There are 2 protein chains.
Amino acid sequence: MQTFEKICNNFGVIKNHKTEMNSQRPVTIKDIAKKFKCSPSTVSRALNDHHLINEDTRKNIQEYAQKVGYQRNLVSLSLLNKKTASLGVIVPNISSYQESAMIDGLHSVLQPLGYTLNICVTNEQYILETEYVEKLLSNRVEGIFLSVSQETYDAGHYEHLENVIKRKVPLIFIDREYEGFETSRVTIDDYFGAFAAIEHLVLGGRKRIAHLKGPNGLTVSEQRFRGYIDCLKKYNLPIDEDLIINTNFRVESSIVPTTRLFDLPNPPDAIFGVNDQVAIGAMKVIRERGLQIPKDVAVIGFDNSPISPYIFPSLTSVARPGRRIGTEASRLFLNYLNASEDEFGVERIVLPSELIIRESSLNF
Amino acid sequence: MQTFEKICNNFGVIKNHKTEMNSQRPVTIKDIAKKFKCSPSTVSRALNDHHLINEDTRKNIQEYAQKVGYQRNLVSLSLLNKKTASLGVIVPNISSYQESAMIDGLHSVLQPLGYTLNICVTNEQYILETEYVEKLLSNRVEGIFLSVSQETYDAGHYEHLENVIKRKVPLIFIDREYEGFETSRVTIDDYFGAFAAIEHLVLGGRKRIAHLKGPNGLTVSEQRFRGYIDCLKKYNLPIDEDLIINTNFRVESSIVPTTRLFDLPNPPDAIFGVNDQVAIGAMKVIRERGLQIPKDVAVIGFDNSPISPYIFPSLTSVARPGRRIGTEASRLFLNYLNASEDEFGVERIVLPSELIIRESSLNF
DNA sequence: ATGTTTATTGCAAACGTTTGAAAAAATTTG
DNA sequence: CAAATTTTTTCAAACGTTTGCAATAAACAT
C-alpha cells in the first residue's frame with residue numbers, strides 16, 4: 001500500500017501551506033439560511049426551483065444567492081450522490097498530435113454531457129501510471145480511459161489495472177493497449193496501414209526498405225513493424241536486420257539511426273518511419289547526404305500530422321483517425337453505463353488507417 | 001445564473017444512466033469497522049498509522065484493507081478538510097505545441113506536490129470558458145491557471161473572472177492574458193522576439209517584409225504585430241497594409257493569404273509568420289511559385305517548434321520558453337499560498353524570447 | 001484490594017448538500 | 001368557528017472521513 005502512503009504524504013505537504021489566511025470561505029447554503037432565518041432545506045429547494053416552495057421566497061433567495069456569488073459545492077454533492085461526474089484520462093504525453101486529437105474526441109462527446117475530464121500525463125512512466133490510477137479511483141471517477149505508458153509494457157505489470165476492474169469502474173484502453181488484459185479498447189489498424197505503406201513502396205520498385213521502428217514492446221510499434229515484415233515476406237524481399245533501427249517517436253531520435261543507415265555499404269532506397277516526426281528527421285539526413293527524395297530514397301511517415309502535406313517534399317503518411325478513437329471510446333463508455341450487469345461484455349474496436357500518398361514516395 | 005441551471009441539467013442527464021447496476025459500492029471505513037466490530041475511528045487511525053493504536057489491530061486492519069482493495073474516499077476528505085488538492089487549467093486548445101509545453105511545466109512542479117490538474121479545453125469559445133470557470137469553482141479547486149480564449153477577447157467580457165477574484169481563488173494568466181484585469185500572469189516577451197526577427201531581416205537587406213498576423217485582439221498576435229511595426233518604423237521602412245494579413249495559427253490558414261501576397265504587383269521579399277505552422281504553409285506557396293528560400297524570400301516563424309530545425313530549409317524562429325511559463329506560474333501560485341493577506345500582490349512575469357537563426361532567413 | 005498511571009478505543013461533531021416525511025402555517029370549506 | 005384541506009417549512013438522516021475529548025480497559029504501584 002505504498003501508493004496510499006504517498007498520497008497521505010502529499011496531502012501533508014499541501015496541508016502545510018497556510019491557505020486559510022488568504023482564501024475566504026465560500027458562502028454556503030447555511031449562510032443563506034441564517035440570513036433568511038429559514039432552514040437549509042428551504043434554501044436548497046429554492047435554488048433548485050422546487051415546486052413546493054413559495055414563489056416569493058424562491059425569488060428572494062435566488063436573488064440573494066446571485067448577489068453574494070453563491071456556488072453550490074459539488075464536492076458535497078458528489079459525496080451525497082456517489083456520483084462525481086468526472087472521468088479519468090491517462091496518456092503518456094500530451095504533446096503528441098495523436099494524443100491531443102484523442103483527448104479532443106473524448107471531450108467533444110463527454111463535455112456536453114456534463115462530465116469533467118481529469119487528464120493525467122504519465123511521461124511514459126510506470127510509477128506515475130499506477131499513482132494516477134490510484135488517485136483517480138480515490139477521487140471516485142466514473143470511468144478511466146487509458147493509453148498505456150511504455151514502461152508499463154516493459155515491466156509487464158498490470159496489477160494497478162486489476163484494481164480498477166475489481167471496483168467495476170469502466171476501463172477503456174485508447175490507442176495504446178495491453179493485449180493480455182481483458183477490457184474494452186479502441187485502437188487503430190496500424191498493421192494494415194504499415195502493410196499498405198510498404199506495399200506502395202515495393203510496387204514502386206523499392207528494394208531495400210528500412211524501418212525506423214518505435215520503442216520495442218509498444219503495440220503501435222510492433223504492429224507497424226509486423227506490417228512491414230509481413231509485406232516484405234509477401235513480396236519475397238529479404239529482411240535485413242541492419243535496416244531496422246529503434247527510435248523514440250521524437251524527431252531528433254531519427255538522426256543517428258538514419259545516418260547509420262546511409263553509412264551502410266548497401267544503403268536503403270526507402271525509409272518507413274514509425275511516425276511523421278521520425279520521417280522528417282530522416283529526410284533531413286537524406287538531403288544532407290546529397291540524395292534526392294523521392295528519386296534516390298522514398299520516405300513514408302505515420303500519423304498524417306497537419307504539416308505533412310506542407311513540408312518539402314510533401315510527406316506520404318498513414319492517416320490514423322485519432323479523434324475518432326476518442327469519440328468511439330466515449331460511445332463505449334456510455335454503452336457500458338446503459339448496459340445491465342449480465343449483458344456487459346468486452347468490446348474491441350479497431351479503426352481503419354489509410355495511406356495518403358504524396359510526393360515523398362512517388363515513383364520515378 | 002444560467003450556468004448553474006446548466007450544471008443541474010447535466011447532472012440530470014448523468015443521473016439517468018443506471019450506473020448502479022454494474023458499479024459495486026466501494027468498500028468504506030464503516031464496512032471494515034463492522035468486520036472488526038470496532039468503531040470507524042479506530043479503522044481510520046489504523047490506516048493512518050496513528051501512534052495511539054494497538055500494533056496488532058493496526059496490522060490486521062491494514063492487511064484486511066489491502067486485501068479488499070480499500071481506497072479512501074478523497075471526495076469526503078475534501079469536504080472535511082475544505083481542501084481538494086486540485087487546480088484548474090483552462091487552455092484554448094490542447095493540440096498546440098506551446099500549450100502542451102505549458103501544461104507540462106505546470107505538471108512538473110505541481111504533480112509532485114500532490115496536486116491534481118483539472119485540464120479544460122475551451123476551443124477558443126467564450127461560453128465554454130465561463131462554464132469551466134464556474135465548474136472549477138464549484139468543484140472547489142484551489143487555484144486556476146487561465147490562457148484566455150479568443151472569443152473572450154472579442155467579447156471583452158470578464159465577469160466570470162470577477163467571480164474568481166471575489167472568491168479569493170488564486171487566478172493566474174498563462175501566456176494569453178487579459179491586459180485590463182488585475183491578477184498575476186506569466187507571459188513571454190513576444191514584442192522583443194518579433195522585433196529581433198524583423199531587425200534580422202532588415203539588416204539582411206530585406207525591404208518588403210510581410211506579416212502573417214494572428215487573430216486580432218489576442219495579446220500574442222498584437223505584441224508580435226507591434227514588434228513588427230515598431231522595427232519597420234525604427235529603420236524608416238514603409239508600412240504597407242497589403243503586406244499584413246490575418247491567419248488563425250493553423251498551417252492551412254496561411255495558404256490563401258500567402259498566395260495573395262505573391263499576386264501583388266510588388267510582392268514581399270520576406271515573410272514573418274505569427275507561428276511556425278503558418279510559416280511552413282507560406283514556404284510551400286513560395287516554393288510552388290518557383291521562388292527560392294531564402295534567396296528570393298526569407299521566412300521566419302515563431303515558437304521554435306521541435307521540427308523547425310529539421311524541415312527544408314530549416315526554419316528561423318523565435319524560441320519561446322513555453323514550459324517555463326508553467327513552472328513560473330506554479331511558483332507564483334505557491335508564493336501566493338505562503339503569502340499573508342496583506343503582502344498579497346499582483347505579479348507580472350515576462351519571460352524573454354530568443355531569435356534562433358537558421359537557413360530560411362540567411363543573407364545572400 | 002485500591003488508587004494511579006498508561007495504553008487503547010469509542011463518541012460525537014463537522015464538512016455542504018439533498019430529500020422523504022412530518023410538522024406547522026395558511027387557506028378554504030361547511 | 002372548527003374542521004378539513006392546501007401550501008409552505010422544518011426535521012433528520014445520509015454520504016465517508018477525521019479528530020479532540022471522554023471513556024474504558026489494562027497494567028502497575030502502594
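As the structure is a computational prediction, the values presented were derived from the model and not from experiment. Chain naming here is simple, since letters A, B, ... match the order of the sequence lines and numbering starts at 1 in each.
For dT18(D), the OP1/OP2 oxygens have a side-chain nitrogen or oxygen of Ser44(B) closer than 4.0 Å. OP1 or OP2 of dC15(C) sits under 4.0 Å from a side-chain N or O of Lys30(A). Between Tyr70(A) and the phosphate of dT17(C), there is a side-chain N or O to OP1/OP2 separation shorter than 4.0 Å.
Taking atom NZ on Lys82(B) and atom P on dT18(D), their separation rounds to 18 Å, with Å as the unit. Distance Asn48(A) CG to dT17(C) P: 10 Å, rounded to the nearest Å. Atom-to-atom, CZ of Arg58(A) to P of dT7(D) comes out at 17 Å; the value is rounded to the nearest Å. Residue Asn81(B) contributes atom CG, which lies 12 Å from atom C1' of dG16(D) at whole-angstrom precision. One atom, CG of Asn73(A), and another, C1' of dC15(D), lie 13 Å apart when rounded to the nearest Å. Rounding to whole angstrom units, CG of residue Leu77(A) and P of dC15(C) are separated by 17 Å. In this structure, Asp49(A) places its CG atom 13 Å from P of dT19(C), rounding to the nearest Å. Going from atom CG of Leu47(B) over to atom C1' of dT18(D) covers 12 Å, rounded to whole Å.
With salt bridges taken as basic N to acidic carboxylate O contacts below 4.0 Å, none links Arg185(B) and Asp175(B).
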**Message:** How would you summarise protein contacts on nucleotides 6-13 of chain C per nucleotide, using B for base, S for sugar-phosphate only and - for none, with heavy-atom distances below 4.0 Å?
**Reply:** --BBBBB-
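Two residues are said to be in side-chain contact when any heavy atoms from C-beta on lie closer than 4.5 Å; Ile103(B) and Phe145(B) fail this criterion. Looking only at side-chain heavy atoms (C-beta outward), Leu87(A) and Thr116(A) stay at 4.5 Å or farther from each other. A heavy-atom distance below 4.5 Å is not found between the side chains of Ile90(B) and Leu128(B).
The side chain to side chain donor-acceptor pair (under 3.5 Å) search around Ser86(B) returns Thr84(B), not counting sequence neighbours. Thr122(A) meets the side chain to side chain donor-acceptor pair (under 3.5 Å) test with no other residue; sequence neighbours excluded. Glu129(A) is linked by a side chain to side chain donor-acceptor pair (under 3.5 Å) to Ser149(A), Thr152(A), His160(A), counting only residues two or more places apart in sequence or in another chain. In this structure, the side chain to side chain contact (heavy atoms under 4.5 Å, CB included) partners of Thr57(B), at least two apart in sequence or on a different chain, are Ile53(B), Asn54(B).
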**Item:** Derivation of the side chain to side chain donor-acceptor pair (under 3.5 Å) call for Gln71(A) and Arg140(B)
**Value:** CA-CA 9 Å; Gln71(A) 274 155 327; Arg140(B) 298 296 187 260; 4.7 Å; no
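One end of the helix from dA1(C)-dT30(D) to dG30(C)-dC1(D) points its axis 70° away from the other end's axis, with each axis taken from 5 pairs and the angle rounded to 10°.
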